[in-house]
Amino acid sequence: MTQNPPNLRPDLAPKARLSEPRRQGQPMIGMVSLGCPKALVDSERILTRLRAEGYAISPDYAGADAVIVNTCGFLDSAKAESLDAIGEALKENGKVIVTGCLGAEPDYIREHHPNILAVTGPHQYEQVLDAVHIAVPPSPDPFIDLLPASGVTLTPRHYSYLKISEGCNHKCKFCIIPDMRGRLQSRPAHAVIREAEKLVAAGVRELLVISQDTSAYGVDIKHATEKGHRAHITDLARDLGRLGAQNELWVRLHYVYPYPHVRDLIPLMADGLILPYLDIPFQHAHPDTLRRMARPAAAAKTLDEIAAWRSICPDITLRSTFIVGYPGETEAEFQTLLDWLDEAQLDRVGCFQYENVAGARSNALPDHVADAVKQDRWDRFMEKAQAISEAKLAAKIGQTLQVIVDEVDTEGATCRTKADAPEIDGNLFIDEGFEGLAPGDIVNVEVEEAGEYDLWGRLV
């Protein structure tokens, strides 16, 4: 088995897993889903709607009557990847509909690919469906297609992303997501809980709660209470945790901004209602860099908060992402970040080098950092983060941990501990005695070996 180093960019998502039989004469649609897990949820919703209208989902270009490319526009490199994916779909299939974050720039897309059929922006489901109807008219079998058993998922059956809101009210200078996806729009809490219940009934064993800003959930609707559920992240986490306690379900929180009320979530982790895992985007540690980013500049207080979280829930896992080489970042500011990382001892760390993004206010900042310097700082940052990860994992040898099984093949079982989110964190591998395991099983494992990012163990 191979080790699984963490992805280093936050705009990556699991690969689509598509396979379902096709009835004779059924129209087929392919989907290429790029970008973050939030975009993956959008892809799932589009495919679920199409499936209900009688379309089959093609796992390859050759079998598709048309292809939807759900794009990412977070970074210029992600835009380039999206353009490449559109070009590949055009070459392999020819009939391509573009949606997603980069779809907010239709002229830019058509400049590179004038032969696409249609362009829509992020979460514009109706416009995507309209474009599909024109390109490939539906032909449903009313006894089979109009009431599919469940939604189409692009993740394994045992875990699912649960989107609780769309958009963001932050104005970080390096980010254009608010321009693409708009301001915060929270879903009613009872609707989120109802979706979670349906996912559990369909066999999901782990819910990954996502949004652009999970901590701000409900602010836009004034934390409204409806049908017994309040739209506040603490209340929602508690409600999901109770659902989890009744069903041996893991609940994991992503994209949690470090607002003061985040501390109210930690007792829920200590009590076992939600996983002791906090995905929290710090981005940097030097106050001047944070101010240039238009981020909260309170790194020292953040260290105090981390210490308080760990005092309440000692086994909490902290994951974060950082930017190095931000405009104006001096060597002293970068060294402050390294020193902060030494003190914070975060468990899971991702990092990417700053890139200009069309429309971002940071582009106009003075003193941009040379590419060679950005690379050097990235290398030094990741070297330190890797050493911290390696030491923390080595300390787990001899411990018995609960894990969830993701895959089983002839070589062994690939699992994750409560400290590992799918696709972005490490794995725990079982190389012997795994024959009776299946994806979605939750079992206890004694850790026998540790690497830089992964663990190895045996069933107990």
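By convention here, the first residue in the shown sequence is residue 1.
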Rounded distance (nearest 0.5 Å) linking atom [atom1] of [X] with atom [atom2] of [Y]:
X	Y	atom1	atom2	answer
Ile221	Ser186	CD1	OG	5.0 Å
His254	Asp279	NE2	CG	5.5 Å
Leu199	Leu162	CG	CG	6.5 Å
Ile29	Lys95	CD1	NZ	8.5 Å
Gln124	Ile46	CD	CD1	10.0 Å
His112	Ser82	NE2	OG	12.0 Å

Please answer whether the main-chain N or O of [Y] pairs with a side-chain N or O of [X] as donor and acceptor at a distance below 3.5 Å.
X	Y	value
His223	Ala231	yes
Arg252	Leu208	no
Tyr217	Arg187	yes
Asn247	Leu243	yes
His113	Leu83	yes
Glu355	Ser77	yes
Ser389	Glu452	yes
Asn427	Phe429	no
Arg157	Pro439	no
Thr99	Gly121	yes

Side-chain heavy atoms of [X] within contact of [Y], under 4.5 Å:
X	Y	value
His158	Val204	no
Leu346	Ile306	yes
Thr120	Val98	no
Leu337	Phe322	yes
Gln283	Thr321	yes
Arg295	Tyr257	yes
Arg205	Ile404	yes

**Request:** Take Lys374 and Val324 through the side chain to side chain contact (heavy atoms under 4.5 Å, CB included) test and state the conclusion after the steps.
**Result:** CA-CA 6 Å; Lys374 286 191 284 190; Val324 296; 5.5 Å; no
Can you name the nearest heavy-atom pair linking [X] to [Y], along with the distance?
X	Y	value
Glu333	His284	O-CE1, 3.6 Å
Gly73	Ile176	O-CD1, 3.7 Å
Ser165	Leu184	OG-CD1, 3.6 Å
Tyr61	Asn93	O-ND2, 3.1 Å
Ile316	Trp309	CD1-CB, 4.4 Å

Using a strict threshold of under 4.0 Å (side-chain N to carboxylate O), is an ion pair present between [Y] and [X]?
X	Y	answer
Arg292	Glu329	no
Arg416	Asp406	yes
Lys163	Glu44	no
Arg319	Asp425	yes

**Request:** For His133, check ring-ring contact (aromatic ring centres under 6.0 Å, His included) against everything at least two apart and list the hits.
**Result:** none
**Prompt:** Who are the salt bridge (charged side-chain N to carboxylate O under 4.0 Å, His left out) partners of Lys384, not counting sequence neighbours?
**Reply:** Asp342
**Asked** Should the pair Arg380 and Phe334 be classed as cation-pi, given the thresholds of under 6.0 Å to the six-membered ring centre and 45° from the axis?
**Response** no
Donor-acceptor contacts, no H, no angles, side chain residues 347-354, under 3.5 Å, sequence neighbours left out:
residue, atom, partner, partner atom, Å
Asp347, OD1, Leu318, N, 2.9
Asp347, OD2, Lys392, NZ, 3.4
Arg348, NE, Ala419, O, 3.3
Arg348, NE, Asp420, OD1, 3.1
Arg348, NH2, Asp420, OD1, 2.7
Gln353, NE2, Gln375, OE1, 2.9
Tyr354, OH, Asn356, OD1, 2.7
Tyr354, OH, Ser362, OG, 2.7
Tyr354, OH, Asn363, OD1, 3.4

Solution key, residues 258-274 side-chain donor-acceptor pairs under 3.5 Å, sequence neighbours excluded:
residue, atom, partner, partner atom, Å
Tyr259, OH, His170, NE2, 2.7
Tyr259, OH, Asp213, OD2, 2.8
His261, NE2, Ser215, O, 3.0
Arg263, NE, Pro260, O, 3.1
Arg263, NH2, Glu305, OE2, 2.6

**Asked** Passes side chain to side chain contact (heavy atoms under 4.5 Å, CB included), Leu207 versus Leu249? Steps please.
**Response** CA-CA 8 Å; Leu207 290 176; Leu249 170 76; 3.7 Å; yes
**Prompt:** Does anything in residues 101-121 pair up under salt bridge (charged side-chain N to carboxylate O under 4.0 Å, His left out), and if so which pairs, sequence neighbours excluded?
**Reply:** Lys79-Glu105
**Asked** Which pairs count as salt bridge (charged side-chain N to carboxylate O under 4.0 Å, His left out) when at least one residue sits in residues 83-92, sequence neighbours excluded?
**Response** none
**Request:** List the steps, then state whether side chain to side chain contact (heavy atoms under 4.5 Å, CB included) holds for Val132 with Ile97.
**Result:** CA-CA 8 Å; Val132 172; Ile97 296 162; 3.7 Å; yes
**Request:** Flag the pair Phe282 / Trp340 as yes when their ring centroid distance falls below 6.0 Å, and as no otherwise.
**Result:** yes
**Request:** Answer with yes or no whether the side chains of Thr417 and Gln402 bring together a donor and an acceptor at under 3.5 Å.
**Result:** no
**Item:** Exercise: do Gln185 and Glu166 side chains pair donor with acceptor under 3.5 Å
**Value:** no
**Item:** Residue pair Asp376, Val373: steps toward the side chain to side chain contact (heavy atoms under 4.5 Å, CB included) verdict
**Value:** CA-CA 5 Å; Asp376 174 71; Val373 175; 5.6 Å; no
